[in-house]
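A quick write-up on the structure given underneath.
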Amino acid sequence: MDGSANVILSAAGIHKRFGALVVLDDIDFAMNADEAIGIVGPNGAGKTTLLSVLSGAFPPSAGTVAFRDGDVTALPATARCRLGLVRTHQVPKPFSGMTTFENVFVAASHGAGLGRDEAYEEALASLKLCGMLGVANRRAETLGLLDRKRLELARALAVRPTLLLLDEIGGGLTDGEASELVDTIKELRRRKIGIVWIEHIVHILLQVAERLICMDAGKIIADGEPQTVMADPEVVRAYLGGGPK
Amino acid sequence: MSLLAVENLVVRHGLLQAVRGVSFSIERGETLALVGANGAGKTTLLRAIAGAHQPTAGRVLLDGADITGVPSHKRVGMGVALVPEGRKLFVQMTVEENLLLGKTAGRPGDWSVERVLDTFPNLKPRRHAKTGHLSGGEQQATAIGRALMSNPELLLLDEVSLGLSPLVVDRVYASLQGLISSGTTIILVEQDLNRALSVSDKVICMLEGRVALEGPSKGMSRDEVTKAYFGLHRKSAGSVPA
Amino acid sequence: MSNQIVQGILLGGYYALIACGLSFMFSVMRIINLAHGSLAVFSAYALWWLASRFHISPFVGLLIVLPLMAAIGWVLQRFLLERSARGGALLPILTTFGLAIVIDNALFEQFGADTRSLAPYIGSLSYDSWEWPGSIYVGKLAVIMFAAAVVMLGGLQLFLTRTRLGRSIRATSEDPDTAGLVGVDARRASALAAAIAMVTVGLAGAFLGMRATFDPYTGAPQLLFAFEAAVIGGAGSLWGTLLGGIVLALAQTLGAQVHPQGFLIGGHVAFLIVLFIRLSTSGLGLRGLVRLPARKTT
Ligand SMILES: Nc1ncnc2c1ncn2[C@@H]1O[C@H](COP(=O)(O)OP(=O)(O)OP(=O)(O)O)[C@@H](O)[C@H]1O
Ligand SMILES: Nc1ncnc2c1ncn2[C@@H]1O[C@H](COP(=O)(O)OP(=O)(O)OP(=O)(O)O)[C@@H](O)[C@H]1O
Ligand SMILES: [Mg+2]
Ligand SMILES: [Mg+2]
């Protein structure tokens with residue numbers, strides 16, 4: 001957060017309440033266009049909620065969100081999506097009744113506003129990047145959980161994002177699958193796509209994240225260079241615990 | 001006699017054979033880790049054992065009795081409980097209601113709403129919240145609690161640590177240790193190989209619907225299992241020839 | 001005017017009664033039961049038959065007819081609806097449509113086209129009234145009906161939220177596959193829900209017969225009222241159904257004030273207005289209209 005002109009996404013004074021429950025408590029956040037940020041934190045810390053506020057799934061109770069120099073606090077998710085700010089869901093939400101390919105195609109043609117042929121190419125390319133060509137013609141509701149998560153990623157990519165918000169896409173992967181995922185994300189980094197990635201599998205996250213944020217109880221308790229954050233006593237207490245007993 | 005025996009089980013999704021002639025057995029009190037790559041058929045196998053999916057061939061024996069045709073709700077009464085992949089909570093109902101549903105089968109035992117909330121203290125303040133509004137980890141904890149509420153003898157855990165923070169994963173495994181020492185038999189799908197190997201007595205690695213590797217967890221190296229993921233390991237006796 | 005309003009609200013109780021079963025079946029079992037009205041008329045005939053043949057008061061007759069309706073609900077679900085549901089979402093609707101035709105014509109076959117009423121068998125209750133302050137006369141039957149609606153809706157609400165069986169039924173309606181995995185017998189829960197729905201239909205039929213006349217083809221207009229009340233109240237919410245019934249009845253009363261033949265039109269207009277508002281504000285089109293929670297896929 002050096003306040004450089006390169007800041008692409010920023011949020012100031014974000015509060016979010018659900019009834020009496022305060023889920024986000026005065027969050028300030030800013031990131032540069034080419035950063036890869038990891039977010040960790042105990043269950044219920046408010047990570048997904050922060051992502052939802054950034055992506056426009058629902059408005060904050062207080063505070064503002066700015067993307068590419070414009071205030072987007074009032075913009076709905078669809079509009080932010082067209083600006084290039086795209087998210088995946090922790091609990092995958094494929095369009096059921098459509099095939100995997102159709103799911104991604106819809107994203108490419110509506111989300112990115114591509115023409116038919118271009119959308120077709122784009123959909124194919126993102127399926128390939130996510131290693132999903134094999135299940136392209138299966139109906140989305142028959143996919144297993146992991147394929148659904150990959151589909152979330154493929155669908156988000158098809159929108160041609162400038163900034164990608166990822167919510168737990170690495171859980172439940174075998175070591176081999178995890179390193180494939182890391183390769184995919186690294187490829188996105190080469191394409192200069194900014195990344196915010198929430199993940200509990202820390203060792204996967206650390207292979208990609210250049211900056212790590214730890215949240216607890218609606219607040220950011222640590223933010224900075226990953227190794228430093230992981231060693232922070234607060235982070236160890238709130239998030240990591242003592243390791244396997 | 002084995003608590004659970006699976007004999008030449010074949011399970012299909014339409015034309016696709018997801019489980020192709022799997023056989024194994026597990027003794028009372030044992031813990032079996034089921035590993036394998038994405039799409040290997042682990043979830044399908046667990047669902048077939050729980051009765052949610054009817055196999056096309058083969059048998060499932062519980063305590064020696066053939067339960068292949070027994071519907072899932074009766075199996076819960078017999079002591080088989082599944083924590084399904086993806087949690088599958090009733091999202092319009094509260095945490096407490098979800099937990100109470102786990103009691104439907106009415107098996108005697110000492111799991112209660114209070115005890116689940118003690119095991120997962122992060123659920124306490126969310127007790128009367130609809131589960132659709134919970135964070136991912138809170139949902140997973142509720143799903144585990146719901147299965148425990150039926151006081152199972154055989155607990156099937158499909159990727160339980162998915163979405164849990166490291167601290168909570170530790171807590172879940174600590175409570176699993178408690179269950180294991182109280183004699184509960186467990187089959188768990190876990191991708192963290194170190195955890196899987198350290199908590200289990202026996203490990204089975206699946207590859208494309210078949211058993212690619214089977215053996216005691218002690219003395220099994222990570223390397224051996226990782227190779228089996230890709231079919232590099234010599235097929236063990238448990239598998240059926242292609 | 002206040003007299004009309006009171007009468008309208010009380011009539012709303014009847015509409016809530018008849019809509020209750022329809023919205024219960026819809027929200028819990030996701031079935032739009034087009035035989036709803038016909039089944040209510042069937043119950044009225046059953047009570048009439050007991051009364052005229054064996055001199056059994058309709059209130060006592062309910063002790064026989066309500067269990068019969070419950071049994072019919074159970075059998076319907078187990079042998080007809082459950083099977084047709086396997087053929088997709090549309091098939092159960094067509095099945096109940098066919099069922100309505102069968103019931104109507106069977107009643108015609110058996111009892112002829114004469115209009116009947118249960119009023120002669122309930123003594124003075126059909127015309128007695130109380131005087132309320134402000135010289136408002138309210139029919140005793142209307143008050144009983146309203147009270148019955150409140151008790152039934154409240155009872156159902158409590159049953160669904162507070163009892164183990166109620167939870168099982170809700171779980172089954174949300175995700176039958178997972179319900180099985182926690183030990184709920186999903187088929188039994190659905191059949192039970194159908195039985196409960198039919199009990200409410202039986203009661204609605206009894207009041208239909210007491211407050212008015214009926215013939216074998218009275219089912220269709222009753223279905224229409226039930227449908228309008230359920231949609232106005234937001235199908236799926238039990239208290240909403242009571243509100244929907246009252247709004248429908250008030251609109252009809254108002255319609256009758258405006259024009260002697262405006263009774264039905266008033267109700268239809270209210271229905272269409274609510275429909276339009278729902279469609280334009282929900283942003284979900286038809287789905288938002290019925291607040292149908294998406295059923296999870298396996
Ligand atoms: N729509 C909602 N209504 C009410 N409470 C909510 C809602 N969404 C989230 N919450 C609550 O807000 C808190 C934060 O939720 P959030 O999903 O942001 O957590 P998280 O950090 O993503 O956790 P996890 O790692 O478990 O996914 C939780 O306690 C959750 O129960
Ligand atoms: N409902 C379904 N319809 C069609 N195919 C299915 C369905 N469910 C699973 N499959 C397929 O069956 C195979 C086995 O799937 P299963 O979910 O059992 O694997 P898994 O080992 O649990 O994988 P994961 O690690 O992704 O959970 C896969 O190829 C999967 O795509
Ligand atoms: Mg989350
Ligand atoms: Mg699985």
Side-chain angles (χ1 to χ4, degrees), chain B residues 13-14 18 43-44 46-54 70-94 96-107 128 130-132 142-152 155-158, chain C residues 23-24 26-30 77-78 82-83 86 88 156-193 234-240 284 287-288 290-298:
Chain B
H13 294 288
T43 298
T44 308
L46 287 197
R47 280 175 56 83
I49 293 173
H53 211 117
Q54 200 55 39
V70 175
S72 55
H73 66 94
K74 292 218 175 104
R75 296 193 197 189
V76 180
M78 296 171 165
V80 181
L82 170 70
V83 179
E85 183 180 69
R87 297 148 195 159
K88 299 288 171 68
L89 293 177
F90 301 104
V91 293
Q92 316 219 14
M93 302 170 85
T94 65
E96 181 173 300
E97 286 176 321
N98 269 274
L99 294 179
L100 286 173
L101 271 168
K103 268 218 147 354
T104 311
R107 282 172 59 83
H128 299 292
K130 293 229 168 103
T131 54
T142 310
I144 299 171
R146 186 179 64 184
L148 292 176
M149 288 289 282
S150 69
N151 296 300
L155 184 59
L156 311 169
L157 300 164
D158 201 347
Chain C
S23 94
F24 183 79
F26 177 69
S27 64
V28 172
M29 302 159 68
R30 281 140 224 270
Q77 166 63 20
R78 218 44 192 269
E82 187 185 294
R83 283 162 201 234
R86 278 179 226 146
L156 267 183
Q157 185 80 26
L158 281 179
F159 167 74
L160 283 178
T161 52
R162 295 291 156 80
T163 66
R164 165 178 295 203
L165 229 67
R167 278 194 297 272
S168 303
I169 288 175
R170 281 162 64 212
T172 304
S173 87
E174 216 181 282
D175 183 348
D177 181 60
T178 308
L181 286 172
V182 301
V184 173
D185 184 345
R187 291 181 64 206
R188 181 167 159 264
S190 301
L192 206 76
S237 132
L238 288 175
W239 288 121
L284 291 166
R287 280 183 69 82
V290 293
R291 272 204 242 142
L292 182 65
R295 175 170 275 187
K296 287 188 219 158
T297 46
T298 6

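Convention: sequence-line order gives letters A, B, ...; per-chain numbering from 1.
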Flag the one option from Leu165(C), Val182(C), Thr161(C) with the top tally of heavy-atom pairs under 4.5 Å to chain B. Val182(C)
Assess the residue pair His53(B) and His13(B) against the criterion (side chain to side chain contact (heavy atoms under 4.5 Å, CB included)); give the C-alpha distance rounded to whole Å, side-chain angles, the decisive distance to 0.1 Å, and a yes or no. CA-CA 9 Å; His53(B) 211 117; His13(B) 294 288; 3.3 Å; yes
State plainly whether the residues Glu97(B) and Arg170(C) are in salt-bridge range, i.e. N to O under 4.0 Å. yes
Ignoring hydrogens and geometry, is there a side-chain-to-backbone donor-acceptor pair from Arg107(B) to Gly77(B) under 3.5 Å? yes
Considering only heavy atoms and a distance below 4.5 Å, find which of Leu100(B), Leu82(B), Thr94(B) pairs most often with chain C. Leu100(B)
At a 4.5 Å cut-off on heavy atoms, which part of Ala81(B) comes close to chain C: side chain, backbone, both, or neither? neither
Taking side chain as everything from C-beta outward and backbone as N, CA, C, O, which of these in Arg167(C) sits under 4.5 Å from a heavy atom of chain B? Side chain, backbone, both or neither. both
Using a strict cut-off of less than 4.0 Å between a Lys/Arg side-chain nitrogen and an Asp/Glu carboxylate oxygen, indicate whether Arg47(B) and Asp177(C) qualify as a salt bridge. yes
